[in-house]
Number of protein chains: 2
Amino acid sequence: MWSVRADARRNRDRIVEIARALFKDKGFTGVSMDEVAKAAGVGAGTLYRHFPTKEALYDAVLEAWTDKVKAAVDRALGLDGSAREKLVSWFGDYVDLLNGHKGAAARITLALGDPDSPFVAKCTRYLGANQRVIDELGPALRPGVSAMEISRLVGAVAAVADASALGPDEVASMLGVVADGLVAA
Amino acid sequence: MWSVRADARRNRDRIVEIARALFKDKGFTGVSMDEVAKAAGVGAGTLYRHFPTKEALYDAVLEAWTDKVKAAVDRALGLDGSAREKLVSWFGDYVDLLNGHKGAAARITLALGDPDSPFVAKCTRYLGANQRVIDELGPALRPGVSAMEISRLVGAVAAVADASALGPDEVASMLGVVADGLVAA
DNA sequence: TGCCAAACGGAGAGCGTCTCCGTATAGTTC
DNA sequence: GAACTATACGGAGACGCTCTCCGTTTGGCA
């Protein structure tokens with residue numbers, strides 16, 4: 001036997017699909033693994049066979065997210081406008097992408113320096129996106145700024161916005177402060 | 001007797017003292033209530049009689065903190081220097097004040113908009129401190145900025161710095177970005 | 001000294017993540 | 001199509017957490 005058994009593949013797919021809906025609805029901490037298992041019609045053992053931890057499951061749920069991050073940074077960098085406008089657009093998109101996934105922003109941001117986190121792939125993608133921003137906007141940005149620093153700053157804003165359920169205006173204003181700070185000489 | 005029974009008072013004091021040491025050492029999530037109870041030599045019921053939730057206990061542990069916040073903002077505003085320098089000094093002190101209390105920054109920052117949080121007193125004090133900054137530095141700051149916004153931005157940086165165990169240089173750099181953004185026209 | 005409200009201790013309820021292991025089955029082999 | 005085996009399944013339950021309930025003890029006053 002060579003590939004994965006058919007029932008296993010079917011179960012895995014269904015678990016991810018169901019879990020995505022539940023997490024989106026209630027947030028990471030608002031959903032229990034038992035709940036996911038029951039909703040997906042599998043036993044706890046099966047769930048944990050596919051995803052060794054709850055965070056690993058969440059990582060799978062956020063799979064599509066990485067592509068969207070790439071698209072957002074592409075779009076922002078392609079805009080006609082100042083460096084500040086590009087930053088604000090990209091940051092805003094990033095926060096929006098995590099909107100509706102309660103708890104995701106904090107988890108990804110806190111995983112930024114941790115090579116053992118289940119979210120490494122997401123972190124790498126996110127850091128890479130900000131590195132591209134630095135590469136393209138370089139001279140317009142504060143000298144010496146790093147992708148890690150930008151990622152942490154914007155991630156921190158996203159996490160607070162998420163946890164405190166801030167409105168778009170409040171988020172935009174905070175991102176404006178960060179963007180201004182990043183383009184300041 | 002009029003007020004609290006002597007044994008109750010004694011127990012309360014000992015619990016807070018022991019809990020402070022434990023939380024400082026292992027962080028909020030790293031200490032269980034059972035552990036606090038055992039270390040303080042009381043039963044779980046006694047512990048919960050004095051502090052109805054774990055967060056209420058944490059609030060009591062961070063009691064002295066509020067005075068230090070006030071002192072820090074006083075000191076920073078009294079400095080000779082630019083608005084930016086005053087901001088950086090105050091923000092740095094704020095982050096330092098939460099240093100060593102793993103988990104405190106995130107909890108206080110996320111409680112900023114929540115009137116039911118056990119940390120309301122701390123939030124009020126912190127917001128008040130940033131309001132004083134706005135009152136004194138007013139014209140030098142970005143127009144329309146609010147104490148809530150500053151509190152959230154700096155709190156977000158503090159939370160990430162705490163959770164990712166960032167070094168002083170990394171924190172200073174991030175706070176510099178925020179300060180620049182806040183003084184930008 | 002006796003009384004009783006106040007405070008105490010700790011068993012255990014309830015909920016969470018995650019593990020273990022006996023059972024069922026997909027897919028191969030003859 | 002029947003037998004066989006590696007793979008996957010289900011769910012009881014271990015373990016740890018916050019917090020509650022209630023029978024027992026005790027501080028402080030009459």
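Each chain gets a letter, A, B and so on, in the order its sequence line appears, and its residues count up from 1. This structure is a prediction, so every number in the text was calculated from the model and none was measured.
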Item to complete: Mind checking Ala44(B) for me? I need base, sugar-phosphate or nothing, with any heavy atom below 4.0 Å counting as a touch.
Response: base
Worksheet entry | Cluster check Val171(A), Val177(B): I/L/V/M/F/W/Y, side chain < 4.5 angstrom | yes
Discussion item. Quick check: any donor-acceptor pair below 3.5 Å linking the side-chain of Arg5(B) to the base of dA6(C)?
Written reply: yes
Worksheet item: Are Leu112(A) and Leu153(A) linked, directly or through other ILVMFWY residues, by side chains that come within less than 4.5 angstrom of each other?
Response: yes
Fill in: salt_bridge(Arg152(B), Glu170(A)) N-O dist < 4.0 Å
yes
Discussion item. Do the side chains of Lys68(A) and Asp93(A) get close enough for a salt bridge, i.e. N-O under 4.0 angstrom?
Written reply: no
Practice prompt. Round to the nearest Å and state the distance from Arg10(A) atom CZ to dT25(C) atom C1'.
Written response: 11 Å
Worksheet item: To the side chain of Lys54(A), which of dC18(C), dT18(D), dA7(C) is closest?
Response: dC18(C)
Item to complete: May I have the distance from Arg9(B) (atom CZ) to dA7(C) (atom P), rounded to whole angstrom?
Response: 12 Å
Practice prompt. Can you sort out which residues in residues 20-35 of chain B have a heavy atom within less than 4.0 Å of DNA chain D? Ascending by number, please.
Written response: Val31(B), Ser32(B), Met33(B)
Worksheet, complete the sentence: So OG1 of Thr46(B) and CG of Asn11(B): to nearest 0.5 Å the spacing works out to 6.5 Å
Worksheet entry | Options dG11(D), dG10(D), dA7(C), nucleotide nearest the side-chain atoms of Val42(A) | dG10(D)
Discussion item. Students often mix this up, so state it plainly: with edges at 30° and 60°, are the rings of Tyr58(A) and Phe28(A) parallel, tilted or perpendicular?
Written reply: tilted
Discussion item. Let me spell it out: for each of Asp7(B) and Glu55(B), pick the nucleotide of DNA chain D with the closest heavy atom. Which residue's pick is nearer the 5' end?
Written reply: Glu55(B)
Worksheet item: Between residues 45-52 of chain A and DNA chain D, which residues have a heavy-atom gap below 4.0 Å?
Response: Gly45(A), Thr46(A), Arg49(A), His50(A)
Item to complete: Using the test side chain to side chain donor-acceptor pair (under 3.5 Å), find all partners of Arg49(A) that sit at least two apart in sequence or belong to another chain.
Response: none
Discussion item. Same cluster or not: Leu98(A) versus Leu110(B), using hydrophobic residues (I, L, V, M, F, W, Y) connected whenever any side-chain heavy atoms lie under 4.5 Å apart?
Written reply: no
Worksheet item: When you check the phosphate oxygens OP1 and OP2 of dA7(C), does a side-chain N or O of Asn11(B) lie under 4.0 Å from one of them?
Response: no
Worksheet item: According to the interplanar angle, ranging from 0 to 90°, do the rings of Tyr94(A) and Tyr126(A) count as parallel (below 30°), tilted (30 to 60°) or perpendicular (above 60°)?
Response: parallel
